[in-house]
Amino acid sequence: MTDINAAAAAVDRPLAGQVALVTGASKGIGAATAIALAAAGAHVVLTARTAASLEAVENAIFDAGGSATIAPLDLTQADAIARLGTAIGERWPALDILVLNAAMLGTLAPVPAIDPKEMAAVLTLNISAQAALIAAFDPMLRKSKRARVIGMTSSVGRKPRAYWGLYGASKAAFETIVSAYGDEMEHISQIRTAILDPGATRTDMRRRAYPGEDPKSVKEPRVVADRIVALLTEDFATGHFERVA
C-alpha cells in the first residue's frame with residue numbers, strides 16, 4: 001500500500017483494527033451506531049435480545065463490506081453479561097469501544113403511581129446491567145491503547161420532568177456510574193468516558209413516549225450514530241457531555 005493509499009484508508013476507516021461492543025444494537029440508535037462503526041473500520045460486536053433483528057443489522061454491515069459478530073442475550077439475566085465478557089475475552093485481547101445504549105423506558109406515570117415490579121425491571125437494565133457491563137469488560141478496556149466508553153442518556157436524567165420520574169432517575173444514576181468509572185480510570189489507564197444525549201430521535205422508544213408526534217419531525221438515528229463515530233475519532237477528555245442537535 002502506498003503512503004497515499006494508507007493515508008486515504010486512515011481517513012475513510014479511522015477505527016480500523018479496533019473492536020467495539022454496542023448494546024441495544026438490534027434497532028434504532030444502537031443499530032445505526034453499529035453500522036456506522038463498522039463503516040469506520042471497527043469490528044463490531046452487536047448485542048440485544050432479538051437474534052433475528054441482530055442478524056438483519058449484521059447483514060447490512062456485511063453488505064457494506066464491514067465486519068461484525070452478533071451476541072443475542074438478555075442483559076437482565078444474572079449470568080448473561082459474565083458469559084458475554086468471557087466469550088469476547090477469549091476471541092479478542094482488548095476492547096477499544098463500548099457503547100452503552102440499551103435501556104428500558106418503562107411506563108410514564110406520576111411518581112406515586114410507579115409500579116414497584118416495573119421499577120425493579122427498569123433499574124435492573126438501566127443501572128445494574130450497565131455497571132455489570134463495565135465490570136465485565138474493564139480488564140479488556142484496560143488492555144486497549146485508546147479505550148472509549150460512551151453512555152447514552154436522556155435530558156430527563158439531568159432535568160426532572162413530570163411523569164418521567166422512573167426513567168429519569170435511572171438515567172441520572174446511569175450517568176453517575178459511567179462518569180465515576182471515567183474519573184477512576186483517568187489517571188491509571190487510557191480509558192476515557194463520555195455521556196451523549198441523542199435528543200429527539202426517530203426511535204421506537206420515542207414513538208412510545210410521544211405517540212402523536214410526526215416521526216419525520218425528528219432526526220434519524222444515523223445522525224446520532226455519525227456523531228458517535230466522530231466523537232470516537234476526537235481526543236475528548238473523560239467526563240465529556242454533549243447533546244446531539
Side-chain angles (χ1 to χ4, degrees), residues 10-25 29-30 32-47 68 75 81 84-85 88-89 91-103 126-155 157-158 170-199 221 223-245:
V11 171
D12 294 340
R13 298 169 64 83
L15 302 180
Q18 297 192 36
V19 177
L21 171 63
V22 180
T23 67
I29 292 172
T33 299
I35 292 170
L37 289 172
H43 179 88
V44 187
V45 181
L46 305 87
T47 185
L75 294 176
I81 294 173
L84 179 65
I88 294 177
R91 184 167 177 181
W92 294 281
L95 182 67
D96 305 291
I97 299 166
L98 175 58
V99 180
L100 299 172
N101 170 71
N126 295 5
I127 305 173
S128 300
Q130 310 305 317
L133 282 161
I134 291 173
F137 290 101
D138 173 66
M140 291 187 71
L141 289 166
R142 289 180 188 239
K143 292 176 182 178
S144 170
K145 295 179 180 178
R146 192 179 184 276
R148 297 293 182 264
V149 178
I150 295 184
M152 305 304 293
T153 191
S154 168
S155 61
R158 296 192 166 212
S170 74
K171 282 301 182 181
F174 168 69
E175 286 194 30
T176 298
I177 290 290
V178 173
S179 299
Y181 176 65
D183 198 40
E184 293 158 3
M185 292 296 107
E186 184 175 11
H187 300 297
I188 62 173
S189 75
Q190 298 302 310
I191 300 170
R192 300 292 179 266
T193 65
I195 300 292
L196 222 65
D197 176 2
V223 176
V224 180
D226 288 345
R227 180 55 197 148
I228 289 174
V229 171
L231 183 61
L232 287 167
T233 62
E234 298 169 3
D235 191 21
F236 66 83
T238 204
H240 176 83
F241 170 85
E242 70 175 80
R243 188 174 192 272
V244 183

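Throughout, numbering of the chain's residues begins at 1 and tracks the sequence. Bear in mind that the values here come from a model prediction, so they are computed numbers and not experimental data.
- Taken to the nearest 0.5 Å, the CG atom of Leu100 stands 8.0 Å off from the CG atom of Leu21.
- Take Arg91 and apply the salt bridge (Lys or Arg N to Asp or Glu O under 4.0 Å) test, not counting sequence neighbours, and it matches no residue.
- Contact check for Ile228 versus Thr33: side-chain heavy atoms found under the 4.5 Å cut-off.
- For the pair Val22/Leu37, a side-chain contact is recorded, criterion being any heavy-atom separation below 4.5 Å from C-beta on.
- Between the OG1 atom in Thr176 and the CG atom in Asp183 there is a gap of 12.0 Å [rounded to 0.5 Å].
- In this structure, CG on Leu231 lies 5.5 Å from CD on Glu234, to the nearest 0.5 angstrom.
- Counting heavy atoms from C-beta outward, Met152 and Asp197 have side chains that stay 4.5 Å or more apart.
- Annotation for Gly199 and Arg243: closest pair CA-NH2, 3.6 Å, computed over non-hydrogen atoms.
- How far OG of Ser154 is from CG of Asn126: 10.5 Å, rounded to the nearest 0.5 Å.
- Scanning all heavy atoms of the two residues, the minimum distance from Leu141 to Ala147 falls at O-CB, 3.3 Å.
- Shown here are the side-chain hydrogen bond (donor to acceptor under 3.5 Å, both in side chains) partners of Ser155, two or more places apart in sequence or in another chain: Arg161.
- Judged as a side-chain hydrogen bond (donor to acceptor under 3.5 Å, both in side chains), and not counting sequence neighbours, the contacts of Arg142 are Asp138.
- Shown here are the salt bridge (Lys or Arg N to Asp or Glu O under 4.0 Å) partners of Glu242, two or more places apart in sequence or in another chain: Arg227.
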Does the pair Gln130 and Val178 meet the rule for a side-chain contact (heavy atoms from CB on, under 4.5 Å), with working shown? CA-CA 8 Å; Gln130 310 305 317; Val178 173; 5.9 Å; no

For side-chain contact (heavy atoms from CB on, under 4.5 Å), just list the numbers for Val99 and Arg148, CA-CA rounded to whole Å, side-chain angles, deciding distance to a tenth of an Å, and then say yes or no. CA-CA 8 Å; Val99 180; Arg148 297 293 182 264; over 6 Å; no

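- Looking only at side-chain heavy atoms (C-beta outward), Ile191 and Glu184 stay at 4.5 Å or farther from each other.
- Heavy atoms only, all atoms of each residue included: Ala172 and Gly157 are closest at CB-O, 3.3 Å.
- Between the side chain of Thr233 and the backbone N or O of Ala230, at least one donor-acceptor pair lies under 3.5 Å.
- Listed by chain and number, the residues in a side-chain contact (heavy atoms from CB on, under 4.5 Å) with Ala39 amount to none (sequence neighbours excluded).
- Listed here is the closest heavy atom pair of Ala38 and Val44: N-CG2, 3.6 Å.
- With sequence neighbours excluded, the residues satisfying side-chain hydrogen bond (donor to acceptor under 3.5 Å, both in side chains) with Thr193 are Thr238.
- Contact between Ile127 and Ala173 at its shortest, heavy atoms only, is CD1-CB, 3.4 Å.
- Nearest heavy-atom pair, Ala102 versus Thr23, reported as atom, atom and distance to 0.1 Å: N-OG1, 2.9 Å.
- Residues Ile177 and Tyr181 are not in side-chain contact: their nearest non-hydrogen atoms beyond the backbone lie 4.5 Å or more apart.
- Separation of atoms CH2 (Trp92) and NE2 (His43) is listed at 3.5 Å; rounding is to 0.5 Å.
- The shortest side-chain heavy-atom distance between Thr153 and Leu196 does not fall under the 4.5 Å cut-off.
- Under a 3.5 Å cut-off, the side chain of Asp96 and the backbone N or O of Val19 do form a donor-acceptor pair.
- Considering only heavy atoms from C-beta on, Gln190 stays 4.5 Å or farther from Arg146 through its side chain.
- Taking the side chain as every heavy atom from C-beta outward, Val149 and Arg192 never approach each other to under 4.5 Å.
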Please report the C-alpha distance between Ser179 and Ile195 in whole Å, then the side-chain angles of each, then the deciding distance to 0.1 Å, and finally whether the side-chain contact (heavy atoms from CB on, under 4.5 Å) criterion is met. CA-CA 8 Å; Ser179 299; Ile195 300 292; 4.0 Å; yes

